[in-house]
Visitor: 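Below is a structure I'd like to ask you about.
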Amino acid sequence: MLKDMTKFQLILTGVFGGFLVLGIIVFAMHRGGGAADRAPVTIWGFVDENDMSKLLEDAGLQNDPSTPVTYVRKDPATFDSDFVSAIADGDAPDLVMVSQDQFYKEKNRLFPIPYSSLDQRTFKDTYVEEAELFMQPDGIYAIPFVMDPYVMYWNRNIFQNAGISQPPQYWDEFYDLARTLTKKDGALNITRSAVGLGEYSNVTHAKNMLATLIIQAGSPITTADSSSGRIMSTFNDRGDNPTVPSEAAINFFTEFSDPAKDTYSWNRSLPDSKDMFISGDLATYFGPASELFEIQAKNPNLNFDVTYMPQSRDAQNKMTFGDLQGLSLVKSSQHIAAAFRVMTLLTSAKSLALLSQMTSLPPVRRDLLSTKPSSPYGIVFYDSAIFAKAWTDPDNTATDKIFGDLIESITSGRSRPTQAITNAGLEIQQLLDANSTAPKAPSSVPTA
């Protein structure tokens with residue numbers, strides 16, 4: 001991949017590398033000099049151990065006696081509790097991988113890279129737009145590492161047997177698809193579904209799909225106040241839109257679980273949407289690019305393809321959701337300079353190109369995304385990474401419950417959509433305020 005880069009791209013890569021090398025020197029000078037640089041570094045992350053081992057070897061870190069690196073693969077479900085316990089026990093790692101929906105909750109345990117070491121212009125020019133979530137008033141909380149954009153998987157046999165040659169590009173096409181492709185038995189039980197939307201507990205990635213629809217409808221869900229930098233919920237704001245975007249999105253999402261409508265295609269008694277797609281009984285499924293190989297492995301005979309996330313017909317800009325992992329410095333680390341050096345080497349253009357090759361996921365760097373892969377799946381993944389977005393999630397576990405309660409209160413008839421959305425917006429703001437404490441923005445790297 002690197003050999004196909006243009007001379008101009010290589011120059012840009014070298015310039016950015018120079019900025020980071022300068023940052024390393026500044027870190028070392030202010031955090032103990034050579035003693036800090038000659039220190040062991042422990043990384044917690046979610047990447048496969050073999051892949052990380054290859055990355056470390058390629059970066060010259062596998063057998064570096066000055067900076068021995070230990071990698072520990074963690075379970076995302078227990079990461080937060082493990083991290084808190086390790087810090088309390090004085091045994092915290094030096095680097096951690098955090099996702100776009102984790103870093104805000106964890107940021108008081110992380111060390112932000114000050115803009116004097118990595119300026120905002122360089123960061124924005126180097127990485128995909130979604131990575132800007134890691135930029136906070138006091139610095140950059142993570143350097144992007146892995147991008148996993150959401151796409152639409154579609155069952156070619158189901159579409160072809162119905163005489164439909166192309167997958168949907170727009171969400172409003174699903175109304176007719178629900179009527180055409182969904183099948184019910186004599187007791188009106190759904191035996192085949194056009195789309196797995198409408199409920200929460202058995203819609204795989206329901207929270208991220210709701211976020212996709214809401215952002216596409218015109219609400220960023222959260223936004224930073226221009227004067228104070230405070231993160232504010234826009235969940236129940238109308239903005240410049242004719243209707244409240246979240247309400248329009250949620251009304252569309254729940255449309256397919258209403259048995260009184262002819263678009264009825266989903267209920268909570270069905271299997272998880274991913275499992276139903278793999279079994280061949282779901283026409284469309286929405287999930288991250290990384291699930292491609294799992295689907296292929298679990299049903300080698302499934303005739304499916306991958307395409308872009310559907311869009312709103314009147315939208316001016318494309319958008320899909322993206323799971324984004326970044327590498328972050330741990331505030332309590334005694335080896336900040338060495339950890340920063342390791343992080344810089346692992347997020348270089350060379351390392352990220354290798355990581356993309358090993359995972360078959362698109363790279364997080366703009367220069368690497370400009371060279372499209374030959375794989376038909378890869379083209380969709382690369383393009384999707386460019387227009388992937390997410391939101392500042394104050395607490396991924398708590399907001400999962402908020403979103404779940406929101407949908408279930410509407411589908412069960414306990415609440416009207418407007419009131420349920422208002423309550424959810426207030427709860428999100430409370431979480432944002434609870435996690436908003438941040439240190440004063442450093443003008444330079446603090447001294448030891």
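Counting from 1, the numbers follow the sequence of the chain as shown. Since the structure is predicted, the reported quantities are computational estimates derived from the model, not experimental observations.
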Visitor: Looking at K105 and D393, is there a salt bridge between them, counting it only when a charged N and a carboxylate O are closer than 4.0 Å?
Guide: no

Visitor: Sub-3.5 Å donor-acceptor pair from the side chain of D395 to the main-chain atoms of A398, do we have one?
Guide: yes

Visitor: Any sub-3.5 Å donor-acceptor pair from Q216's side-chain atoms to P310's backbone N or O?
Guide: yes

Visitor: If I take atom CG from residue L346 and atom CG from residue L56, how far apart are they, to the nearest 0.5 angstrom?
Guide: 5.5 Å

Visitor: Take the angle between the ring planes of F256 and F252 and call it parallel below 30°, perpendicular above 60°, tilted in between.
Guide: perpendicular

Visitor: Would you confirm whether Q100, through its side chain, and L324, through its main-chain N or O, come within 3.5 Å as a donor-acceptor pair?
Guide: yes

Visitor: Apply the test side chain to side chain donor-acceptor pair (under 3.5 Å) to residues S257 and N267: give CA-CA distance (whole Å), side-chain angles for both, the deciding distance (0.1 Å), then the verdict.
Guide: CA-CA 6 Å; S257 62; N267 60 53; over 6 Å; no

Visitor: Given the side-chain rings of F46 and F79, with only the six-membered ring counted for Trp, is the space between their centroids under 6.0 Å?
Guide: yes

Visitor: Do K401 and K207 come close enough that some side-chain heavy atom pair is under 4.5 Å?
Guide: no

Visitor: Can you establish whether the number of heavy atoms outside R73 located under 6.0 Å from its atom CZ is more than 12?
Guide: yes

Visitor: Quick check: are there more than 12 heavy atoms from other residues, nucleotides or ligands sitting under 6.0 Å from NZ of K372?
Guide: yes

Visitor: Is any side-chain heavy atom of L197 closer than 4.5 Å to one of E255?
Guide: no

Visitor: Just to verify, which of V195, L282, T411, D258 counts as forming a side chain to side chain contact (heavy atoms under 4.5 Å, CB included) with W266?
Guide: L282

Visitor: Between the side chain of N251 and the main-chain N/O of E247, is any donor-acceptor distance below 3.5 Å?
Guide: yes

Visitor: Take the angle between the ring planes of Y308 and F387 and call it parallel below 30°, perpendicular above 60°, tilted in between.
Guide: tilted

Visitor: Quick one: sort the H205 and Y150 rings into parallel, tilted or perpendicular, breaks at 30° and 60°.
Guide: perpendicular

Visitor: Hey, do the aromatic rings of Y170 and Y175 have their centres closer than 6.0 Å?
Guide: no

Visitor: Apply the test side-chain contact (heavy atoms from CB on, under 4.5 Å) to residues D237 and V244: give CA-CA distance (whole Å), side-chain angles for both, the deciding distance (0.1 Å), then the verdict.
Guide: CA-CA 6 Å; D237 293 353; V244 177; over 6 Å; no

Visitor: Output, in order, the C-alpha distance, side-chain angles, deciding distance and verdict of side-chain contact (heavy atoms from CB on, under 4.5 Å) for L110 and L329.
Guide: CA-CA 6 Å; L110 306 176; L329 298 165; over 6 Å; no

Visitor: Kindly indicate whether a cation-pi arrangement holds for K274 with F277, taking the cut-offs as under 6.0 Å to the six-membered ring centre and within 45° of the axis.
Guide: no

Visitor: Between F174 and W154, is the gap from one ring center to the other below 6.0 Å?
Guide: no

Visitor: Which one of Q325, M147, E130 satisfies the side chain to side chain contact (heavy atoms under 4.5 Å, CB included) criterion with V364?
Guide: M147

Visitor: Going by heavy atoms in the side chains, are D80 and E106 under 4.5 Å from each other?
Guide: yes

Visitor: Are R109 and K331 side-chain neighbours, meaning at least one heavy-atom pair lies under 4.5 Å?
Guide: no

Visitor: Are F134 and S328 side-chain neighbours, meaning at least one heavy-atom pair lies under 4.5 Å?
Guide: no

Visitor: In terms of heavy-atom contacts, does NZ of K54 have more than 12 from other residues, nucleotides or ligands at under 6.0 Å?
Guide: no

Visitor: Taking D82 first and then K74, would you say they form a salt bridge - that is, a charged N and a carboxylate O separated by under 4.0 Å?
Guide: yes

